[in-house]
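In what follows, a single structure is set out as structure tokens and then discussed.
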Amino acid sequence: MRLLERKELNFTPIFLIGNAVLVTLLLFIELLNFSRVGRIAESKAPTLVELSNGESIRVSSINNYERSPQAITYFIGQTMTGLLSWNAVPVTLNEYSPNTSDKIKLDSGVQAGDQKITTTTWSTGFALSEDFRAPFLKEIAKLTPPDVFNGTTQSILKVNLFSEPKNIGQGKWSIDMVAEVIVFQGNNMVGSPIAFNKTIFVRAVDTPILPHISSQHQQTASRVRQAGMEIYKIQDLGLGK
């Protein structure tokens, strides 16, 4: 008869206890994660961003094909003003030269069909869709007085009314504009108004990425198209209909 019997250890209870502790720990971690995710979801997205030049602006997140009415109106206003306000504002050539004639030069314009448009009109034209840009700039050239390029004639676009942008499809809007192109010739400081009442069609586009090495034309086009919109059609506004 053995006074001492060797007993085998049963690890099952130890395993069950360890497993319960591990599951409880994992549950606690999951609850902590859910709590943090909930706080992030309920918190407001940051609306203040700093640009590369140090300027801070407020932003809001929108769909890729959405634009606010304010952004659409501002884009159309800026674009139409650039297209229809003509002048040969002198550009600086060499500001350090003692000779005044070396410092400034009138805008010589850009050829568009048989006539010329101002350089500002040409650069603003990149805000138009590619199939619409060339024919529209040729029409602008027909309206541009030749005396613009000798500095004796200039014009401004006077906008009287912008309608609320109307959504006409995914990423597409139309807006009515009642305006006048006022042409000043010579000593005529009153100006001669030309009615310009149009319905303008605009759509959302992707903002272009400027290559690291880019030409002046590419830089101009990229700057104009930073708004992520383009005008693809302009038609007469049927007032009184």
Side-chain angles (χ1 to χ4, degrees), residues 45 47 49 51-52 55 57-86 110 112-113 117-144 155-181 194-211 214-241:
T47 59
V49 297
L51 304 179
S52 59
E55 180 184 359
I57 61 172
R58 292 197 175 277
V59 298
S60 59
S61 58
I62 59 174
N63 186 277
N64 188 42
Y65 290 103
E66 290 181 6
R67 301 292 184 271
S68 70
Q70 295 84 357
I72 296 169
T73 302
Y74 180 79
F75 168 73
I76 291 178
Q78 290 290 99
T79 301
M80 299 311 297
T81 298
L83 291 172
L84 297 167
S85 296
W86 313 314
V110 177
I117 56 176
T118 65
T119 301
T120 299
T121 300
W122 168 80
S123 60
T124 306
F126 287 108
L128 309 175
S129 64
E130 199 55 38
D131 59 336
F132 180 60
R133 183 171 66 91
F136 185 77
L137 291 182
K138 289 179 182 178
E139 291 300 316
I140 293 293
K142 295 177 183 178
L143 295 175
T144 305
S155 75
I156 61 170
L157 177 68
K158 177 177 175 286
V159 178
N160 299 313
L161 174 68
F162 274 130
S163 69
E164 189 73 13
K166 178 182 177 182
N167 185 266
I168 56 174
Q170 185 181 32
K172 294 182 178 181
W173 302 267
S174 68
I175 186 170
D176 296 334
M177 181 182 75
V178 178
E180 297 170 333
V181 178
I194 302 172
F196 197 84
N197 305 321
K198 303 291 181 181
T199 298
I200 301 166
F201 297 84
V202 62
R203 62 190 171 200
V205 295
D206 292 331
T207 303
I209 299 176
L210 190 66
S214 55
S215 67
Q216 185 176 357
H217 287 13
Q218 287 177 310
Q219 293 173 13
T220 300
S222 177
R223 183 181 68 253
V224 172
R225 298 182 70 83
Q226 281 301 310
M229 287 178 276
E230 68 178 12
I231 294 173
Y232 65 94
K233 185 169 69 171
I234 299 176
Q235 68 182 31
D236 290 337
L237 174 61
L239 294 176
K241 293 184 178 180

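Worth knowing before you read on, the calculation uses all heavy atoms, side chains too, and leaves out hydrogens, waters and symmetry mates.
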Can you list the steps and then say if Leu237 with Met177 is a side chain to side chain contact (heavy atoms under 4.5 Å, CB included)? CA-CA 8 Å; Leu237 174 61; Met177 181 182 75; over 6 Å; no
From [atom1] ([X]) to [atom2] ([Y]), nearest 0.5 Å:
{"X": "Thr121", "Y": "Ile140", "atom1": "OG1", "atom2": "CD1", "result": "7.0 Å"}
{"X": "Thr119", "Y": "Trp86", "atom1": "OG1", "atom2": "CH2", "result": "15.0 Å"}
{"X": "Ile117", "Y": "Lys142", "atom1": "CD1", "atom2": "NZ", "result": "13.5 Å"}
{"X": "Trp173", "Y": "Thr73", "atom1": "CH2", "atom2": "OG1", "result": "11.5 Å"}
{"X": "Thr144", "Y": "Glu139", "atom1": "OG1", "atom2": "CD", "result": "11.0 Å"}
{"X": "Phe126", "Y": "His217", "atom1": "CZ", "atom2": "NE2", "result": "6.5 Å"}

Could you check whether any side-chain heavy atom of [X] comes within less than 4.5 Å of a side-chain heavy atom of [Y], counting everything from C-beta outward?
{"X": "Arg67", "Y": "Pro165", "result": "no"}
{"X": "Glu180", "Y": "Asn160", "result": "yes"}
{"X": "Ile234", "Y": "Met80", "result": "yes"}
{"X": "Tyr232", "Y": "Lys172", "result": "yes"}
{"X": "Phe75", "Y": "Ile231", "result": "yes"}
{"X": "Asp176", "Y": "Leu161", "result": "no"}
{"X": "Leu128", "Y": "Leu83", "result": "yes"}
{"X": "Lys198", "Y": "Asp236", "result": "yes"}

Quick check: closest heavy atoms across [X] and [Y], and the distance to 0.1 Å?
{"X": "Gly228", "Y": "Thr207", "result": "CA-OG1, 3.9 Å"}
{"X": "Ala179", "Y": "Asn197", "result": "N-OD1, 3.2 Å"}
{"X": "Arg203", "Y": "Ser129", "result": "NH2-CB, 3.6 Å"}
{"X": "Ala141", "Y": "Ala112", "result": "CB-O, 3.6 Å"}

side-chain contact (heavy atoms from CB on, under 4.5 Å) partner of Glu230, chosen from Arg133, Glu130, Arg225: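 Exactly one option meets the side-chain contact (heavy atoms from CB on, under 4.5 Å) with Glu230, and it is Arg225.
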Could you check whether Ser222 and Gln226, counting side-chain N and O atoms only, form a donor-acceptor pair closer than 3.5 Å?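 Checked: Gln226/Ser222 side chains pair up, N/O donor to acceptor below 3.5 Å.
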Say whether, by atom type as modelled, one donor and one acceptor occur between the side chain of [X] and the main chain of [Y] under 3.5 angstrom.
{"X": "Ser123", "Y": "Thr120", "result": "yes"}
{"X": "Ser174", "Y": "Ile200", "result": "no"}
{"X": "Ser214", "Y": "Gln219", "result": "no"}

Got more than 12 heavy atoms from elsewhere within 6.0 Å of CD, Gln216?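 Not more than 12 within 6.0 Å, no.
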Which is it for Val202 and Ile175 under the side chain to side chain contact (heavy atoms under 4.5 Å, CB included) test, yes or no, and what are the steps along the way? CA-CA 8 Å; Val202 62; Ile175 186 170; 5.6 Å; no
